[in-house]
Amino acid sequence: MQTKADGTGSGTRVGQTLPGGMRARLRDVVAGLSLASMNIPQVLGYTRIAAMPTVTGLYTVLLPLLAFAGFGASRHLVVAADSATAAIFSSALEKMATPGSAYYMALVSMVALLSAAFLLVARLFRLGFLADFLSRTVLVGFLAGVGVQVALAMLRDMLGVSASAHNTLVQLAQILAHLPQASLPTLFLSVIVVGAVMAGERLAPRAPLPLAMVVGAIVASAALGLSRHGIATIGPIESGLPHLRVPYVAWNDMLALLPVATSCVFVIIAQSAATSRAFALRFHDPINDNADILGLCAANAVAGLSGTFTVNGSPTQTAMAVRAGARSQLAQVTFAGVTMLVLLFLTGPLQYLPRCVLASIVFTVALGMIDLRALRAIWRESPGEYGLALITAAAVVGIGVEQGIFLAIALSLFRHVRHSYEPHTMILRHDPHSGLLEPFDVQAGQETAPGLVVYRFCADLFYANSARFRRDVRLLVDHAPTPVACLVIDASAITDIDFSAASDLRDLFTTLRQDGTHVIFGRVSPYLRADMDRHRITPVVGTHNIHAQLHTAIAAVHAVMTADPAHVAPGRPAP
């Protein structure tokens, strides 16, 4: 098949004759159908982690999808069942009720409702800003880690072996230990599906091949009885739409659910923000984290009312939607529509779907989440940030998605603080070619001109880096070739001084003044001037020695030198 320049195959030429808007909607509808074929069986698998009836997995991709489409802002985020939140509440609730019992189901639904309430509070307080701490580097590493995690998890069903651990590395060890018991027919079918999907991505990237694979696998399984040959299938599923009701939970148990819901909310906000931002940046879409929080709130509210469990922004399912060609929430609405039809009419055929077919499709999607091109770009431009991306990916794989996100945020903040703790500092000296003041590294024996040092500190001053400021100033003043009459502070990069740093600066400037060195500030912003006034630095330096421009500060140096010619070295002109 000949591939067009826009990446679509010749099979889509009929769609090319449609108007642009209708063509885009048709593409999203087709993507929604393909998404449903891959994700409906997957969400059924999450019910095993949640210890809930199989049909509740379908409930997570019915009303919650519609709720987020109506209230959320992300064009790509798929909100549905998620292994991270399922593992959080199931491990806590199994101690309060028998898994699968009616009261256990009520507890699970109440966790979803409490999560919705906390998300509403987060939206009212506009806590979406927390997502600003997720850098592009972190997002690339996060998606790569999730891709590796999901790919390894899919090996279990692709090989037909058992692995019960939640931790990815322990799960991999279990898979390797059970490798001699692998089902050869299951492995053979998995290899065929993976090869067909990967070949289809190159030859017909827009074709709904996964949908065709799922439908074909269901037909073949029902006709040939694949389950009799050792190939595991989804199995029977209850049919019918959910009934809306408020779950009943005892007051004492309600209080016990608060920390569980709080843990879920932290994971929901962090993982959903990381996922929506990663794909928004990829497609240059606007980002509105607060609106997404409201959408997640609505999704969890209807999840709790419809008898299912907490939903979350899924990186894997979002990647599936993007891979299928989805570019708006219309694909997710289509997905919800297909889910309703399945619940009403198609739970019977779905039971024949081989688990290895689903796992193989998800495996190829997971590999696509590892953006090697972006990782190489980060490595070329910033090896330090490349290390941060790898640590994020390793944390997601080795510890877990939620812990990996929080560790990545902490490392990003630490890296930023480290830059502020050890900022760039320089001395300005006259360049022999241009005759202008140019920055040079701070070294002993350097001066701007005889009797003058112009020093630039490239960060706000706070308790951790004020010692660096003092060391640099003492180094330049104490080791200058000529006694320093004037120290000019180029404050262009300083906008804030905290209490501890201000105390250090007052002591330093008082000592310099006693030693006969005038301290003059240049390029002082109104914000810095307010801090200098508030922290009583202005009286120590003198109002006449604080200037908004550097050239006026240098002019003040001339006045000092003229008033006290002793500061000018013999045979050397004043600066």
Side-chain angles (χ1 to χ4, degrees), residues 127-145 266 269-271 273-274 277-278 281 289 371 374-428 439-444 446 455-476 489-505 507-508 523 525 527-528 531 535 537:
L127 297 186
F129 76 90
L130 295 174
D132 292 335
F133 294 102
L134 295 167
S135 65
R136 292 194 181 204
T137 302
V138 165
L139 296 177
V140 171
F142 163 75
L143 286 182
F266 276 117
I269 292 178
Q271 180 171 304
R277 285 199 168 211
L281 292 172
D289 296 306
D371 194 341
L375 287 170
R376 284 195 297 267
I378 295 172
W379 179 74
R380 286 195 303 267
E381 297 181 24
S382 179
E385 292 190 79
Y386 176 74
L388 178 60
L390 292 185
I391 292 174
T392 302
V396 169
V397 174
I399 307 175
V401 173
E402 62 274 20
Q403 295 91 340
I405 293 175
F406 294 139
L407 177 62
I409 292 175
L411 290 175
S412 297
L413 292 175
F414 174 78
R415 192 170 188 272
H416 174 73
V417 171
R418 183 175 175 271
H419 281 304
S420 298
Y421 171 68
E422 296 181 350
H424 295 295
T425 62
M426 54 200 68
I427 180 173
L428 301 185
F440 293 86
D441 291 337
V442 172
Q443 295 179 358
Q446 300 290 324
Y455 172 67
R456 178 183 294 168
F457 189 82
C458 298
D460 288 336
L461 279 158
F462 66 110
Y463 62 90
N465 65 13
S466 59
R468 169 72 178 275
F469 185 96
R470 293 198 314 271
R471 286 196 303 269
D472 279 359
V473 169
R474 294 302 338 180
L475 179 71
L476 292 171
I489 308 297
D490 179 352
S492 54
I494 305 173
T495 59
D496 181 79
I497 303 176
D498 75 357
F499 178 85
S500 299
S503 178
D504 290 342
L505 263 59
D507 294 342
L508 174 64
R523 291 178 175 161
S525 68
Y527 311 106
L528 176 58
D531 277 359
H535 292 304
I537 297 175

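- Scanning for side chain to side chain donor-acceptor pair (under 3.5 Å) contacts around Ser525 gives an empty result, with sequence neighbours left out.
- Asp504 is linked by a salt bridge (charged side-chain N to carboxylate O under 4.0 Å, His left out) to Arg470, counting only residues two or more places apart in sequence or in another chain.
- By the 6.0 Å contact criterion, CZ on Phe499 is open, its count of non-hydrogen atoms from other residues, nucleotides or ligands being 12 or less.
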Exercise for the section: Assess whether side chain to side chain contact (heavy atoms under 4.5 Å, CB included) is satisfied between Thr425 and Tyr455, documenting all intermediate values. Expected result: CA-CA 8 Å; Thr425 62; Tyr455 172 67; 3.4 Å; yes
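- Residues Phe142 and Val396 form a side-chain contact, since some pair of their non-hydrogen atoms from C-beta on lies under 4.5 Å apart.
- If you check the side chains of Asp498 and Ser500, you find no donor sitting under 3.5 Å from an acceptor.
- To the nearest 0.5 angstrom, Ile269 atom CD1 is 6.0 Å from Leu127 atom CG.
- Panel note: side chain Asn465, backbone Ser420; a donor-acceptor pair is recorded below 3.5 Å.
- Taken from CD1 in Ile494 to CZ in Arg523, the straight-line distance is 12.0 Å, to the nearest 0.5 Å.
- Across all their heavy atoms, Ile497 and Leu505 have their closest contact at CD1-CD2, 4.2 Å.
- For the atom pair Ser466 OG and Tyr421 OH, the distance stands at 10.0 Å (nearest 0.5 Å).
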Exercise for the section: Go through Leu508 and Arg474 one step at a time and tell me if the side chain to side chain contact (heavy atoms under 4.5 Å, CB included) criterion holds. Expected result: CA-CA 9 Å; Leu508 174 64; Arg474 294 302 338 180; 3.8 Å; yes
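- When all heavy atoms of Thr392 and Val138 are compared, the pair lying nearest together is CG2-O, 3.8 Å.
- When the ring pair (Phe, Tyr, Trp, His ring centres under 6.0 Å) test is applied to Phe462, no partner is found at least two apart in sequence or on another chain.
- None of Val140, Leu375, Thr137 except one satisfies the side-chain contact (heavy atoms from CB on, under 4.5 Å) rule with Tyr386; the exception is Leu375.
- Between Ile378 and Glu385 the shortest heavy-atom distance is CG2-C, 3.8 Å.
- Nearest heavy atoms, Leu528 versus Ala491: CD2-CB, 3.5 Å.
- To the nearest 0.5 Å, atoms CD (Gln446) and CG (Leu428) are separated by 12.0 Å.
- The two atoms that bring Pro423 and Cys458 nearest to each other are CB-O, 3.8 Å, heavy atoms only.
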Handout entry: Criterion side chain to side chain contact (heavy atoms under 4.5 Å, CB included) on Asp460 and Tyr527, from CA distance to verdict
Key = CA-CA 11 Å; Asp460 288 336; Tyr527 311 106; over 6 Å; no
